[in-house]
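Reading through the structure tokens given below for one structure.
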2 protein chains.
Amino acid sequence: KERFEGLSPAEFFYRNREIAGFSNPVRALYQTIRELVENSLDATELYGILPEIKVTVDVISPEKNIVKVRVEDNGVGIPSSEVPNVFGRVFYGSKYVIRQSRGLFGLGVKMAVLYAQMTTGSPVRVVTATPRSRRIHEFELMIDITKNRPRILKHNLIDNSKRWHGTIVELTLEGNWSGARRKVVEYIKRTALIAPYATITLKSPDVELHFKRLAYKVPEPPEIGRPHPRGVDIELLKSLIAKYSSGREDPPTLVDFLVENFEGVGRITAESFLKWAGYDPEMPIGSLTIEALDDLARKMREYDGWRRPRAHSLSPLGSELLSKGVQGILRPEFVASITRKPSSYGGHPFVVEVALAWGGEVPVSDHPLLLRFANKIPLLYDEGADVSRKVVDKIDWNTYKVKFPAPLAVIVHICSTKIPFKGVGKEAIADVPEVEREIEGAIRECARKLRRYLTQKEKELSLKLK
Amino acid sequence: KERFEGLSPAEFFYRNREIAGFSNPVRALYQTIRELVENSLDATELYGILPEIKVTVDVISPEKNIVKVRVEDNGVGIPSSEVPNVFGRVFYGSKYVIRQSRGLFGLGVKMAVLYAQMTTGSPVRVVTATPRSRRIHEFELMIDITKNRPRILKHNLIDNSKRWHGTIVELTLEGNWSGARRKVVEYIKRTALIAPYATITLKSPDVELHFKRLAYKVPEPPEIGRPHPRGVDIELLKSLIAKYSSGREDPPTLVDFLVENFEGVGRITAESFLKWAGYDPEMPIGSLTIEALDDLARKMREYDGWRRPRAHSLSPLGSELLSKGVQGILRPEFVASITRKPSSYGGHPFVVEVALAWGGEVPVSDHPLLLRFANKIPLLYDEGADVSRKVVDKIDWNTYKVKFPAPLAVIVHICSTKIPFKGVGKEAIADVPEVEREIEGAIRECARKLRRYLTQKEKELSLKLK
Ligand SMILES: Nc1ncnc2c1ncn2[C@@H]1O[C@H](COP(=O)(O)OP(=O)(O)OP(=O)(O)O)[C@@H](O)[C@H]1O
Ligand SMILES: Nc1ncnc2c1ncn2[C@@H]1O[C@H](COP(=O)(O)OP(=O)(O)OP(=O)(O)O)[C@@H](O)[C@H]1O
Ligand SMILES: [Mg+2]
Ligand SMILES: [Mg+2]
């Protein structure tokens, strides 16, 4: 007979860890490093702190492939009461809000802890202090996989005499450093490209990198936003209504509910919408039936009178910083870059930034070198499944005077409150039509600038030859 | 300040439903149908029942894109005590065992229920009866997303006078039938190809399909297996030790533990392994330290004296049935098919089956038409990210006398107790080296047979022309 059972989230991802990028000792080491680095960059940038990230890789045992990874940052640290769940509970984090950040799933560091635990039996070590805290907290903990909760093995308090703030995470795992090194180095280089205001160092047995920041100002941190009516469904409406109604004496009205809970909805817009949709603005939201909620959700998605989502919850690099990063890392002869106006899909705002780098130290190749970024995360795998690759492949580069083999690099950066990732391993982006159109528009805009440059270069060369 | 929170699994997949294939009304309708059909085929085949699957699609409202999907099967039904969790709790199911089946995540039908619930507010309706049960159970239920548990709206008992057994699932969702129709039809056709012993019907507003079974015998159902030592890690050892020790008076020995819990480990093998690894076979497993567990796990993975995993937990189609299915659906002039010997990766057994279909009604194309299957599931999306596509692309077909454009179809079927899917949407398979090698070997084996046929055809043609 069939045996029925339930799994905890930790159990599920322990069994299916390859889906999160932890498929083998090479890939798992890469994923471990990137999950920690991405957390450190969020912990600095989102608070306007110039990031200082130190990555250390020690090969403890080459025959057994045992590696120790340590990542240190100068970020906002983690409140000690939150450390156990942050590192020991799958689907726990602070990124479940409407705001651009690298983190979004509440899963990344837990996967790294799980993998280290199952391959070497060792706990994660965390040292952390929040700004102005008098004490530094040091933890060692593991995950109780069956129950999806942390098991604290150690918790020490250390005097924070130097008033340090930040986080150190140490993991010992089965990882193949010689296999992973090349991709890890590339990941760190590209992180330096897309976050040129960050200072990042890597120390490992056979390679040391030191990227000193090229810019001295962190971009304006994004603000937490509200959902846009374009993206509502019945469940979202129900949960927003529940939150908005709780603890109030007088039941709130429908128009108040819309104005207070959604992006792009002012009082006048809300009233015209409700008039169009056939609802009394003063109607108490508690009296909405399930059929009315269904109808309201549908009409909110359909109505074209909403203001488009603002970009205050986004934090693009800007074409100037993007050019700076590209110049610093790729050292091309020519760069054209653009940050497009904000757009949106399904109520989620997004901004596409593109740079084209040509010549100089850009390697010559049969097709464009594609560097993909999402919310300032470098994406190094699954290029064949990514929307940017689809767009680059359908462009006829001859139109822009680029004949392959050629030294051309295409840098695509997508910022959004919801990046349409294809999987929890965050490697490829789905071809959402609005996003695909924006990427193509941005690439063509830069390509026209490149064409002018190459045309000019051609003229100067033919003048010389005369 | 950062706001920390945890999400239930239902909440997580509600927010990230595109990762499970529910990205838009076209794709969601396709995914809903396939999740239900795959459950129905598991519920019949795994019990030696000749499957009768009826799929009905009603477009309730074309302007609002409201569609009702109903899938009925003659399977083993679901025990009434299990229905609420099976449909209302993410990460719950009966497929968390070591045995080939379409289901593996305990997530599929819950995603369909979630999507229907959030787009139309309506519950799932389930009618089910197990073999020889005197009553049929009818449920209507929804998912409490915040708590990841079912909410039963209705539960009726009906007299089972006809002694029916099986399951009917009805969902009302926002789905785009005209957009999804082509892929749904293709999915059902290919299901008929890979399961030629199944009778499948589709009734929809504008298309009706009836695939009567071509074979009258279900393949031998797979048996539940045990883990293979090649795939152990410390956490697996700990949980197996805990289960094996619980409720026993005398602590079991290390050699007993190995023989009773692992695949491919007889008493003699276990003793030689323990001798090689430096452990006393009679040592009580309770006395193993974490360092010893770590060492034991590593050595179990490393030891090359284990018997390779048996295929009793697999259920390939067999080259004869595969040819039959290919003939029935593609109507080619020539078919070559092969079922390879069982292989394994990381302790997981797998079998690759391949067919090449040439000519007849196979469409002429610039590259081979690739039909991919995993555990008898047709995979229709993300071909560019799939290992089979990678293998097909690197083969020089000229060697086998195939010059494109040509009417060639490549059918690849992988059976395993753990298909290396790249995501929970089950569309692409990762390029695990052992699997990739087997696919290439199988394709080349069939290609050699095709070459003999084409060479013969060439001869006959030149004879005719003389
Ligand atoms: N170095 C760090 N500094 C400060 N906070 C951190 C750090 N690392 C983790 N955190 C906190 O722990 C939470 C959980 O991290 P985790 O990587 O598991 O999820 P996430 O970053 O929110 O999302 P994702 O799964 O997409 O990475 C974060 O949201 C953040 O609040
Ligand atoms: N038509 C059916 N007949 C019998 N049992 C069913 C049927 N549909 C679902 N079930 C039961 O419900 C469980 C959960 O189904 P669900 O689709 O959510 O997960 P799964 O099939 O186990 O895995 P996956 O997420 O990969 O599909 C199944 O394991 C099975 O026990
Ligand atoms: Mg993270
Ligand atoms: Mg299923």
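- Using a 4.5 Å cut-off between heavy atoms, B/Ile143 does not touch chain A at all.
- Using a 4.5 Å cut-off between heavy atoms, B/Lys418 touches chain A through its side chain atoms alone.
- Contacts between B/Arg3 and chain A at a heavy-atom distance below 4.5 Å involve backbone atoms as well as side-chain atoms.
- For B/Glu18, the part sitting under 4.5 Å from any heavy atom of chain A is the side chain, from C-beta outward, and nothing else.
- Between chain A and the options B/Gly384, B/Ser8, B/Gly93, heavy-atom pairs under 4.5 Å are most frequent for B/Gly93.
- Side-chain atoms of A/Asp42 come within 3.5 Å of backbone atoms of A/Arg102 as a donor-acceptor pair (strictly under, hydrogens ignored).
- With a 4.5 Å cut-off on non-hydrogen atoms, B/Ile145 touches chain A through its side chain but not through its backbone.
- Within the 4.5 angstrom heavy-atom criterion, only side-chain atoms of B/Arg99, from C-beta onward, approach chain A.
- Of the atoms belonging to B/Glu2, heavy atoms from both backbone and side chain fall under 4.5 Å from chain A.
- For B/Pro79, the part lying under 4.5 angstrom from a heavy atom of chain A is the side chain only.
- Neither the backbone nor the side chain of B/Asn85 has a heavy atom closer than 4.5 Å to any heavy atom of chain A.
- Only the side chain of B/Val86 comes within contact range of chain A, with at least one heavy atom under 4.5 Å from a heavy atom of that chain.
- Looking at B/Tyr14, only its side chain comes within 4.5 Å of chain A, counting heavy atoms on both sides.
- Looking at B/Arg15, the atoms closer than 4.5 Å to chain A (heavy atoms on both sides) sit in the backbone and in the side chain alike.
- For B/Leu236, the parts lying near chain A are the backbone and the side chain together; criterion is any non-hydrogen pair under 4.5 Å.
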